[in-house]
Amino acid sequence: MAVKLVFLGKLADLAGGPERDVAGPLDWDGLLAALPPQVAAQVQGQKVKLALDGALVADKAALAAPDGSEIALLPPVSGG
Amino acid sequence: MAVKLVFLGKLADLAGGPERDVAGPLDWDGLLAALPPQVAAQVQGQKVKLALDGALVADKAALAAPDGSEIALLPPVSGG
Amino acid sequence: MAIHVHLVDQPFNPGALLGPFTNAHPGYGGLASFIGAVRGDDDVRALELLHYEKMTRPGMEALAEEAAHRFELLGLLVMHRHGVMEPGEPIVMVAACAQHRRGAIAAVDYCMDHLKSDSWFWKRELRADGWHWIEPRDQDHSDLARWSK
Amino acid sequence: MAIHVHLVDQPFNPGALLGPFTNAHPGYGGLASFIGAVRGDDDVRALELLHYEKMTRPGMEALAEEAAHRFELLGLLVMHRHGVMEPGEPIVMVAACAQHRRGAIAAVDYCMDHLKSDSWFWKRELRADGWHWIEPRDQDHSDLARWSK
């Protein structure tokens with residue numbers, strides 16, 4: 001099993017694609033280690049939010065993504 | 001020649017019709033004398049405005065309507 | 001910039017007006033509109049709107065010019081019925097095109113407040129016991145006051 | 001009270017949606033709507049809106065429920081494109097039916113502010129020199145802050 005990472009907006013450019021599977025389970029340190037350095041730097045900033053299986057993660061440092069889950073990396077929105 | 005009086009909204013009910021021709025020229029006292037008492041009482045109130053040939057009269061007491069002109073008696077609007 | 005003001009005594013079809021208005025403004029960013037109709041929720045059988053030929057239409061035209069300038073519109077359409085209307089029939093329609101959404105929406109809001117409380121219309125309703133003149137509501141005046149802040 | 005939320009990747013015709021929406025609400029007092037389109041006024045050749053399947057549509061549905069309740073609506077339609085769009089193509093449409101005009105207009109204003117700045121969309125523009133991600137504007141955040149007063 002794996003954890004699916006989904007990169008939204010410009011993070012997809014930085015990550016080299018919109019999605020990537022990494023070995024799970026994954027905590028906050030594991031996520032940062034699994035990311036390209038540029039993306040990891042962005043995700044550590046306050047503006048980028050995380051969602052686990054579609055629900056916002058209130059405290060990114062407390063991330064606990066089990067095998068088979070999906071982590072979305074959400075930069076600031078700019079819609080409509 | 002005459003001056004045409006136009007009664008808008010509920011003033012038409014009070015006046016018994018939407019329009020009436022009266023002898024001109026007409027000043028403020030002449031207008032009040034030409035109106036049915038109920039309408040005259042309304043027109044003396046602050047809520048009813050006058051227009052002479054489509055232009056609001058700023059000071060009703062200074063009304064000076066020449067022969068051939070049209071005076072509109074305008075109660076508060078309630079549109080749309 | 002095109003301004004269209006209509007005062008009519010026959011039913012109109014809002015959709016049939018909105019399509020051509022939209023098509024006339026390629027490259028618009030936002031198009032806001034409002035349609036007001038005779039409500040069918042109480043015992044009102046008909047509604048009559050009276051106007052004054054010499055002032056109502058000129059007043060609507062001045063309002064449209066003011067709104068178009070104030071909100072930097074690309075286009076503005078104001079359509080208003082007068083005469084007798086039945087529940088469900090459209091009374092008024094305002095549509096505004098602008099580069100940005102806030103201008104378009106604010107222009108519609110502004111025009112509606114002014115058509116409702118600061119235009120030369122007088123309204124009465126036919127209920128089971130006859131015709132009743134509608135007095136202006138305090139709410140209408142407070143709506144209007146928002147724009148003079 | 002009917003709420004319709006659509007997230008589509010194909011062009012849509014606002015007029016063809018507005019007619020049936022209006023007809024579905026006989027006895028409505030007011031119907032407000034807004035259509036946002038890709039502007040054709042600068043060198044933007046295309047616009048792409050990205051969404052996130054697990055969150056964008058649920059977020060739009062929650063927004064629509066909130067607006068319908070807050071403004072006591074009779075009906076609400078929210079239609080949003082994603083994917084690549086060309087200048088002139090509609091991006092978003094919101095239509096709200098209510099008994100009274102202020103509720104209908106405010107609901108459209110509210111939904112548009114939240115779709116623009118508080119929904120899960122990411123936008124980029126194709127200009128002569130390639131794709132550019134659009135950052136949120138301060139104006140969007142101040143528009144949004146109006147509703148939490």
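So you know, we letter chains A, B, ... as the sequences are listed, proteins then strands, and number each from 1. Only heavy atoms go into these numbers, but all of them, side chains included; no hydrogens, no water, no symmetry mates.
Here the straight-line distance linking atom CG of B:Leu56 with atom CE of C:Met55 works out to 4.0 Å at 0.5 Å rounding. To the nearest 0.5 Å, the span separating CG on C:Leu50 from OG on B:Ser78 amounts to 9.5 Å. Within the model, atoms CD of B:Glu70 and OH of C:Tyr52 stand 3.5 Å from one another, a figure rounded to the nearest 0.5 Å. Atom CD1 of C:Ile134 sits about 11.0 Å away from atom NZ of B:Lys10, to the nearest 0.5 Å. Note that CZ of C:Arg124 and CG of B:Asp13 are 6.0 Å apart. Values are rounded to the nearest 0.5 Å.
Residues of residues 57-67 of chain C never come within less than 4.5 angstrom of chain B, heavy atom to heavy atom.
Only the backbone of C:His51 comes within contact range of chain B, judged by heavy atoms closer than 4.5 Å. Contact of C:Trp133 with chain B is made through the side chain alone, with heavy-atom distances under 4.5 Å. For chain C, no part of B:Pro18 is nearby; none of its heavy atoms comes within less than 4.5 Å.
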task = Show the numbers, then the answer: is there a salt bridge (Lys or Arg N to Asp or Glu O under 4.0 Å) between C:Glu135 and B:Lys47?
result = CA-CA 12 Å; C:Glu135 299 293 329; B:Lys47 288 186 172 179; over 6 Å; no

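Within a 6.0 Å radius of CG in C:Asn23, other residues, nucleotides and ligands contribute more than 12 heavy atoms. Within 6.0 Å of CD on B:Gln38 lie no more than 12 heavy atoms contributed by other residues, nucleotides or ligands. Crowding of B:Lys49 atom NZ: a count of heavy atoms from other residues, nucleotides or ligands under 6.0 Å not exceeding 12.
Annotation: side chain of B:Leu8 is not in contact with side chain of C:Trp120 (no heavy-atom distance under 4.5 Å).
In terms of heavy-atom proximity, C:Asp118 sits nearest to B:Val77 at N-CG2, 4.3 Å.
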